[in-house]
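Heads up: the structure comes next, in structure tokens.
Below, all heavy atoms of this structure are taken into account, side chains as well, without hydrogens, waters or symmetry copies.
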Amino acid sequence: MSDSGAAAAAERETRPAAEQSNQPVPLDCCGGLNNVDYSKMDLMPIEEFIRHINFHDPNLSIAVIAIMFNPLFWNVVARWEHRTRGLSRLFGGPYLACCGLAIVIILLNVFRSHSMTVVMKTQARWALMERTDVFYVGISLIVMGTVLVVSSFLALGFTGTFLGDYFGILMDEKVTGFPFSVVENPMYWGSTANYLGLALIGASPVGLVLTAMVALAYKVAIKFEG
């Protein structure tokens with residue numbers, strides 16, 4: 001056997017069996033994401049989703065600011081009140097101070113909802129989301145979110161809902177019934193479900209992005225309050 005023939009035979013012996021049979025070599029699970037061929041990923045849905053969002057829209061900036069500002073504002077003010085009793089002195093008592101802060105929170109939330117709705121209505125709809133099943137999922141989320149918000153308010157009462165404990169207005173006992181027996185922080189997650197439902201009903205990609213930001217803002221607020 002010639003030198004070239006011996007070399008070819010030695011290469012065949014050392015080559016993996018799967019390669020010799022022209023079969024694809026299975027990915028090594030221990031290699032993690034290093035074995036993923038990203039060039040074969042279908043990025044068209046993501047690109048299509050992003051194309052429907054106008055990131056230069058000033059109304060979008062206003063909505064984002066409102067989303068991030070609201071929970072930061074009421075948590076900072078409530079903690080300041082807890083340390084200094086500044087609002088209670090200003091209003092002449094904790095109940096009036098709590099009501100004053102509650103009115104501001106309600107107005108801020110109304111403005112946030114309005115700014116988000118404006119963006120959803122003025123930016124592009126996505127044909128992929130304009131389906132009957134998506135519409136009814138959105139309706140279901142709004143119903144569920146409304147139930148969580150209303151039942152949470154009824155369980156906590158006015159001062160319990162609007163941070164009364166920071167003003168020294170404490171409840172007789174911890175609320176453990178519905179909806180707190182089903183989910184923690186139902187007021188926050190019910191509100192998030194409402195926004196997600198509106199985004200689905202409106203077939204609004206930017207609505208989905210804003211809803212994700214609402215969820216993130218509430219997640220941070222929960223850790224801050226905790």
Test of understanding: clusters of I, L, V, M, F, W, Y form through side-chain heavy atoms closer than 4.5 Å, transitively. Do Leu72 and Met68 belong to the same one? no
Any donor and acceptor pair, going by atom type alone, linking the side chain of Asn59 with main-chain N or O of Val119 inside 3.5 Å? no
Do you know which two heavy atoms are closest between Pro179 and Ser151, and how far apart they sit? CG-OG, 3.3 Å
Kindly indicate whether the side chain of Val206, heavy atoms from C-beta on, has any atom under 4.5 Å from the side chain of Trp126. no
Mind jotting down which residue pairs meet the salt bridge (Lys or Arg N to Asp or Glu O under 4.0 Å) criterion with at least one end in residues 129-151? Sequence neighbours excluded, please. Arg125-Glu130, Arg131-Asp133
Note: Ser113 and Thr117 closest approach over all heavy atoms is O-OG1, 2.7 Å
Determine the minimum heavy-atom distance between Gly145 and Ala193, stating which atoms define it. CA-CB, 4.0 Å
Check for me, please, whether Val110 and Met213 land in the same ILVMFWY cluster - side-chain distances under 4.5 Å, paths through other members count. yes
Should Leu148 and Val182 count as side-chain neighbours, where that means a heavy-atom distance under 4.5 Å? no
Would you please name every residue forming a side-chain hydrogen bond (donor to acceptor under 3.5 Å, both in side chains) with Arg85, sequence neighbours left out? none
To the nearest 0.5 Å, how far apart are NZ in Lys219 and CG in Asn185? 8.5 Å
ring-ring contact (aromatic ring centres under 6.0 Å, His included) against Phe167, all qualifying residues, sequence neighbours excluded: none
For the residue pair Ala199 and Gly207, what are the closest heavy atoms and their distance? CB-C, 3.5 Å
Would you check if there is a donor-acceptor pair between the side chains of Gln123 and Ser204 at a distance under 3.5 Å? no
Only residue of Leu196, Leu200, Ile67 satisfying side chain to side chain contact (heavy atoms under 4.5 Å, CB included) with Thr211 is Leu196
Can you spot which of Ile105, Val104, Leu87 makes a side chain to side chain contact (heavy atoms under 4.5 Å, CB included) with Val77? Leu87
Restricting to side-chain contact (heavy atoms from CB on, under 4.5 Å), what partner residues turn up for Ile142, sequence neighbours left out? Thr146, Asn194, Leu198, Ile201
What distance separates Glu48 CD from His52 NE2, expressed to the nearest 0.5 Å? 5.0 Å
Is the shortest side-chain heavy-atom distance between Phe55 and Leu60 below 4.5 Å? yes
Which pairs with one or both residues in residues 74-96 pass ring-ring contact (aromatic ring centres under 6.0 Å, His included), sequence neighbours excluded? none
Any Tyr188 side-chain heavy atom under 4.5 Å of Val214 side chain: no
Any side-chain heavy atom of Leu163 within less than 4.5 Å of one from Tyr166? yes
Verify the cluster assignment for Val76 and Val220: are they in a single hydrophobic cluster under the rule of side-chain heavy atoms below 4.5 Å apart? no
How many angstroms lie between CD1 in Ile53 and CG in Leu208, if you round to the nearest 0.5 Å? 8.0 Å
Nonpolar side-chain network containing Leu156, other nodes, edges under 4.5 Å: Met171, Val175, Phe180
Check side-chain hydrogen bond (donor to acceptor under 3.5 Å, both in side chains) between Arg89 and all other residues, then give those that pass, not counting sequence neighbours. none
If every non-hydrogen atom of Gly190 is compared with every non-hydrogen atom of Val149, which pair is closest and at what distance? C-CG2, 3.7 Å
List the atom of Pro205, the atom of Ala124, and the distance in Å for their closest heavy-atom pair. CD-O, 3.5 Å
Contacts of type side-chain contact (heavy atoms from CB on, under 4.5 Å), residue Ser191, not counting sequence neighbours: Arg112, Tyr195, Tyr218
Quick one: name the residues clustered hydrophobically with Ile62, using the 4.5 Å side-chain heavy-atom rule over I, L, V, M, F, W, Y, and just say none if it's on its own. Phe111
Are Met187 and Phe69 joined in one hydrophobic group, where the rule is that I, L, V, M, F, W and Y side chains link up if heavy atoms are under 4.5 Å apart? yes
Determine, using the 4.5 Å side-chain heavy-atom cutoff (strictly less than), whether Ile50 and Leu128 are members of one ILVMFWY cluster. yes
Can you find a heavy atom in the side chain of Asp165 that is under 4.5 Å from one in the side chain of Ile169? no
Per the ring-ring contact (aromatic ring centres under 6.0 Å, His included) rule, what does the pair list look like for residues 137-158, sequence neighbours excluded? Phe158-Phe162
Supply the atom-to-atom distance Asn70 CG to Ile65 CD1, rounded to the nearest 0.5 angstrom. 11.5 Å
Run Val209 and Phe49 through side chain to side chain contact (heavy atoms under 4.5 Å, CB included) and show every step you take. CA-CA 10 Å; Val209 173; Phe49 178 86; 3.9 Å; yes
Who passes side-chain hydrogen bond (donor to acceptor under 3.5 Å, both in side chains) against Asn54, sequence neighbours left out? none
With Glu184 via side-chain hydrogen bond (donor to acceptor under 3.5 Å, both in side chains) - residues at least two apart: none
